[in-house]
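Each remark here refers to the structure printed beneath this line.
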Protein chains: 2
Amino acid sequence: MYSISEIAEKVDISAHTLRYYEKEGIIDPIRNDQGIRQFDEQHLKWLQFVKKLRETQMPVSQIKEYTRLFLEGEHTANARLRLLEDHQQFIRDQIETLLATDEMLTRKISTYKELMEKSLMK
Amino acid sequence: MYSISEIAEKVDISAHTLRYYEKEGIIDPIRNDQGIRQFDEQHLKWLQFVKKLRETQMPVSQIKEYTRLFLEGEHTANARLRLLEDHQQFIRDQIETLLATDEMLTRKISTYKELMEKSLMK
DNA sequence: GTTTGACTTAGAGTGCACTCAAACGTCTAC
DNA sequence: GTAGACGTTTGAGTGCACTCTAAGTCAAAC
């Protein structure tokens with residue numbers, strides 16, 4: 001069992017943000033008799049998954065939706081699958097955009113470097 | 001020469017956003033005698049470049065900085081080069097993250113699909 | 001000649017995702 | 001027994017990047 005600051009460090013998400021995620025229904029830690037949040041291995045795994053989704057720009061609203069479906073049970077598997085497939089497509093499009101800009105920058109950077117060599121020769 | 005709405009359509013950036021970029025110093029269209037913004041081919045190229053930077057999450061503040069350096073002249077070439085190289089590194093890190101999450105999703109999606117085949121067999 | 005539509009401005013509003021503040025509770029160490 | 005570390009809550013604040021509103025100007029179309 002981890003306290004909020006322990007899990008915050010483990011998943012590298014601030015305690016502030018974890019409380020915000022709880023308010024949004026994305027995570028639901030157990031409370032001990034002092035009302036203090038306790039996170040277990042399941043919570044850890046879930047947060048690592050959530051983090052990957054956020055790092056790849058899935059909106060919090062969609063993560064909420066995924067969580068809601070998950071909690072609703074087995075019969076929402078299809079809907080969850082669709083969400084994940086859509087996000088995978090988004091990721092692949094994003095990779096395309098990044099690769100194209102990477103190439104553009106490579107060209108631009110080499111132009112800059114040539115320019116500087118020329119100015120050195122003067 | 002293009003009006004704001006024409007260039008907006010050409011680069012697919014809203015006229016609102018273009019005015020905002022102008023206020024931020026990222027673009028500086030010519031004005032005709034009615035005070036109406038006129039964009040030429042140079043502006044078009046610049047905006048296409050800016051768009052690629054924004055699409056790959058370069059903050060507006062950094063694009064401002066790049067623009068400022070560009071307008072300052074030749075002697076800032078080094079600083080501009082550094083900005084572009086930093087952004088390229090950012091892009092490459094981002095690609096890594098996206099690829100890792102893509103793989104994770106591929107695994108998760110196939111688990112979902114297996115699960116659904118099993119439930120079909122019942 | 002008036003209506004339509006595109007343009008202008010300054011400044012306010014929006015949505016997202018945090019991020020922080022303030023006031024308070026509770027456990028542990030000295 | 002009190003200081004300090006860490007926890008709690010509600011609700012407000014922040015930063016970013018737009019996005020829109022309101023009030024006005026101006027030229028061409030009917």
Side-chain angles (χ1 to χ4, degrees), chain A residues 1-40 43 46-68 83 87 90 94 97 101, chain B residues 1-40 43 46-68 83 87 90 94 97 101:
Chain A
M1 285 298 202
Y2 310 111
S3 72
I4 196 160
S5 57
E6 283 165 349
I7 197 104
E9 192 175 359
K10 262 194 192 302
V11 292
D12 196 29
I13 298 177
S14 79
H16 278 313
T17 300
L18 290 172
R19 291 195 193 97
Y20 162 69
Y21 284 176
E22 184 182 2
K23 200 171 58 186
E24 295 299 315
I26 287 171
I27 184 87
D28 191 22
I30 306 145
R31 302 297 183 111
N32 68 12
D33 45 11
Q34 277 96 245
I36 288 175
R37 293 170 182 83
Q38 308 283 159
F39 298 81
D40 62 20
H43 291 120
W46 177 255
L47 285 172
Q48 281 163 346
F49 172 61
V50 168
K51 204 189 179 197
K52 278 205 166 318
L53 297 179
R54 283 296 302 128
E55 276 175 353
T56 56
Q57 278 81 61
M58 185 186 274
V60 168
S61 61
Q62 260 176 61
I63 300 177
K64 279 168 73 170
E65 175 69 359
Y66 185 87
T67 308
R68 198 185 60 71
L83 263 176
H87 188 56
F90 170 83
Q94 196 59 21
T97 301
T101 304
Chain B
M1 284 299 201
Y2 310 110
S3 71
I4 196 161
S5 57
E6 282 164 351
I7 197 103
E9 191 175 1
K10 263 196 190 302
V11 292
D12 197 27
I13 298 177
S14 80
H16 278 312
T17 300
L18 291 172
R19 291 195 193 97
Y20 162 68
Y21 284 175
E22 184 182 2
K23 200 171 57 184
E24 295 298 317
I26 288 171
I27 184 87
D28 191 23
I30 306 144
R31 302 298 183 112
N32 69 12
D33 44 12
Q34 277 97 247
I36 289 176
R37 293 170 182 84
Q38 308 283 158
F39 299 80
D40 63 19
H43 292 120
W46 177 255
L47 286 172
Q48 280 163 346
F49 173 61
V50 168
K51 202 185 180 201
K52 278 206 166 317
L53 297 180
R54 284 295 303 128
E55 277 175 353
T56 56
Q57 277 81 63
M58 185 185 275
V60 168
S61 61
Q62 261 177 59
I63 300 177
K64 279 169 73 169
E65 175 67 1
Y66 185 89
T67 308
R68 198 187 60 71
L83 263 176
H87 188 56
F90 170 83
Q94 196 60 20
T97 301
T101 303

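Residue numbers begin at 1 in each chain, while the letters A, B, ... track the order of the sequences. Just so we're clear, the structure is a prediction, and the values are computed from it rather than from any experiment.
Contact annotation for A:Ser5: backbone-only contact, meaning every heavy-atom pair under 4.0 Å involves sugar-phosphate atoms and none involves a base. Backbone-only engagement by A:Ser3 is indicated by non-hydrogen atom pairs under 4.0 Å involving sugar-phosphate atoms exclusively.
Per the geometry, CD1 belonging to B:Ile26 stands 12 Å off C1' belonging to D:dC16, to the nearest Å. Atom-to-atom, CD of B:Glu6 to P of C:dA6 comes out at 11 Å; the value is rounded to the nearest Å. As a whole-Å value, the separation of B:Leu18 CG from D:dT19 P is 12 Å. Atom pair A:His16:NE2 and C:dA22:P shows a separation of 12 Å (rounding to whole Å applied). Remark: C1' of C:dC18 and NZ of A:Lys23 are 10 Å apart, rounded to the nearest angstrom. Put simply, CD on B:Glu9 is 12 Å from P on C:dA6, counting in whole angstrom units. The nearest whole Å value for the distance from the CD1 atom in A:Ile36 to the C1' atom in D:dA5 is 12 Å. Summarising the geometry, the separation between CD on B:Glu24 and P on D:dT19 is reported as 14 Å, rounded to the nearest angstrom.
Within the 4.5 Å cutoff, the side chain of A:Thr67 has heavy atoms near those of the A:Trp46 side chain.
Look at B:Tyr20 and you won't find any side-chain N or O under 4.0 angstrom from OP1 or OP2 of D:dC16. The shortest distance between the side-chain N/O atoms of B:Thr17 and the OP1/OP2 oxygens of D:dA17 is not below 4.0 Å. Look at B:Arg37 and you won't find any side-chain N or O under 4.0 angstrom from OP1 or OP2 of C:dC7. Listed pair A:Ser61 / C:dC16 fails the phosphate criterion, with no side-chain N or O lying under 4.0 Å from OP1 or OP2.
For A:Arg54, counting side-chain heavy atoms from C-beta on, the closest listed nucleotide (D:dG7, C:dA6, C:dA17) is C:dA17. Taking every side-chain heavy atom of A:Arg31 into account, D:dT9 is the closest of D:dT9, C:dT9, D:dC20. Minimum atom distance to the side chain of A:Arg19 is reached by D:dT9, of the listed D:dT9, C:dC18, C:dT8.
Salt-bridge check for B:Arg19 with B:Glu22: failed, with every basic side-chain N at 4.0 Å or more from each acidic carboxylate O. Salt bridge absent: B:Arg54 and B:Glu24 never bring a charged side-chain N and a carboxylate O closer than 4.0 Å.
Atom CE of A:Met1 is separated from atom CD1 of A:Ile36 by 13.0 Å, given to the nearest 0.5 angstrom.
Closest-nucleotide positions on DNA chain C for B:Gln34 and A:Pro59 were compared, and the one nearer the 5' end corresponds to B:Gln34. Each of B:Ile4 and A:Tyr21 has a nearest nucleotide on DNA chain C; the 5'-most of these lies closest to B:Ile4.
At least one donor-acceptor pair closer than 3.5 Å links the side chain of A:Glu6 to the backbone N or O of A:Ser3.
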